[in-house]
Amino acid sequence: MSNSITIPRGTADILPSEIARWHILEFQARRVMELYGYREIRTPAFEDVHLFKRSLGVTSDVVNKQLMELSADKAGFALRPEGTASIVRSYIENHFDKKESLSKFYYIGAMFRGERPQKGRLRQFHQIGAEAIGPTSSHPLLDAEMIALAMEILDAAGIKGSVLKINSLGTPEDKEAFSQLLRKQLAAQTSGLCEDCQNRFERNVFRILDCKTEACRKIVKSLNLSIEHLSQDSQKYFQSVQEALRTLKIDFQVAPTLVRGLDYYTHTVFEISNAALGSQDALGAGGRYNRLAADLGGSENVEAIGFALGMERMLLAMPTSTEEISEPIQTIVIALSRDDQPLGFEIVSTLRRAGISGDMGYQKASMKSQMRLADKLGAQTVILIGEDERKNGYVTVKRMADGTQEKVPVKDHFKTLVDYFKK
Ligand code: AMP
């Protein structure tokens, strides 16, 4: 049909055949998060647009090019491109800093970015994320715990072969020193950068390190970077994070060019990639953001760290053996004629209320085609109801596996039948 309405580009239906894998992923993520003491928080899918502009930085791509702002009379709002800003907003608004010394939150939900859709890059996608927020809560062990949590979720989902890269941006002063160092090293080569990066040179030099253009990557590779520009304290902090990761036997690589595109990061940043994903190989990322709460109007001393994992990409990297593992339906009721339907309807309804999964077709269909459907649905049994059954107070239960049949009495408001299925 040429005039039919189709799904917006960069979005996807999650079909019933795929949902079991989503459930497994969500179940495992929740289980691990709760083991680590994180509690779920749910914030709205849209927020005041200034929340994102202020937190993510007006020079970031997410705000500059990808923010999906609502228009007309809903102006001033934008769909959330990520979870952290909303959670910090909620933390401040609900005065969590007065209630507890460290708040550990996790979230699972849809995020929205108006990017050019391609494989692994959607306009609506889903993230699983965690945030640990609290007054003067920075501690290298907490940073290591956060990284361990992300790795453990991947492990619980059966995802193998992930690569963890870490770096430290240090304090805001260290970050400034780093940006000057970068400008100094890049100054002689700006003409070789792509057009975007030539603009980034002044506005947000860190973004050049993330550029995917071949020419820029070559220049970035030639830079001589280390963690020398960090203050002694920041270096010590970073060393302690690494030591803790070694203690936990978590493999990592230190990547001096890893900076993350968003303004709010300080100290530890990390990224997890997986070669199984192809060109969009980032599974997730995170880091410490000690200035964000204060920048959004919270107390000066509230510090935080978090991460987000992309669910669509996790599902691509998950083993496929978990596909199509939804529970088989227990029974299909087949009424042989229209007169048998009311009894069949009552039976299927009663069984469902008793926790036994069942279904029944209401359209006129031959016994043969109903049997075929039961087979296709993976039903364990069918319940046959014809005139003889109806008149004599029983039903015929046929086991699909071996074709054996049994007459099961229908008495005591179907209790006999419910008992039969429960035994
Ligand atoms: P980010 O905050 O951009 O680092 O995103 C964290 C993770 O979310 C990424 O590593 C991806 O797994 C996932 N992600 C981000 N943007 C998209 C997108 N447009 N489509 C699908 N997944 C995404």
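All ligand and atom numbering here is 1-based and tracks the order in the structure.
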Query - ring-ring contact (aromatic ring centres under 6.0 Å, His included) contacts touching residues 147-197 (sequence neighbours left out) - result: F178-F206, F178-H229

Report task. Keeping to residues at least two apart or across chains, list the ring-ring contact (aromatic ring centres under 6.0 Å, His included) pairs with something in residues 273-292. Result -> Y264-Y289

Report summary line: Residue set satisfying side-chain hydrogen bond (donor to acceptor under 3.5 Å, both in side chains) with Q180, at least two apart, ordered chain then number -> E176

Requested in this report: Would you indicate whether the side-chain heavy atoms of I19 and H23 approach each other to under 4.5 Å?
Outcome: yes

Query raised in the report: Given E40 and R42, is the salt bridge (Lys or Arg N to Asp or Glu O under 4.0 Å) satisfied, shown in steps?
Result: CA-CA 7 Å; E40 185 171 358; R42 298 187 189 186; 2.9 Å; yes

Requested in this report: Write out the protein residues near ligand 1, meaning a non-hydrogen atom under 4.0 Å from one of its atoms, in order of chain and number.
Outcome: R113, E115, G120, R121, L122, F125, Q127, R260, A282, L283, G284, A285, A308, G310, R313

**Report entry** Ring centroid separation H267 to Y237 under 6.0 Å
**Finding:** yes

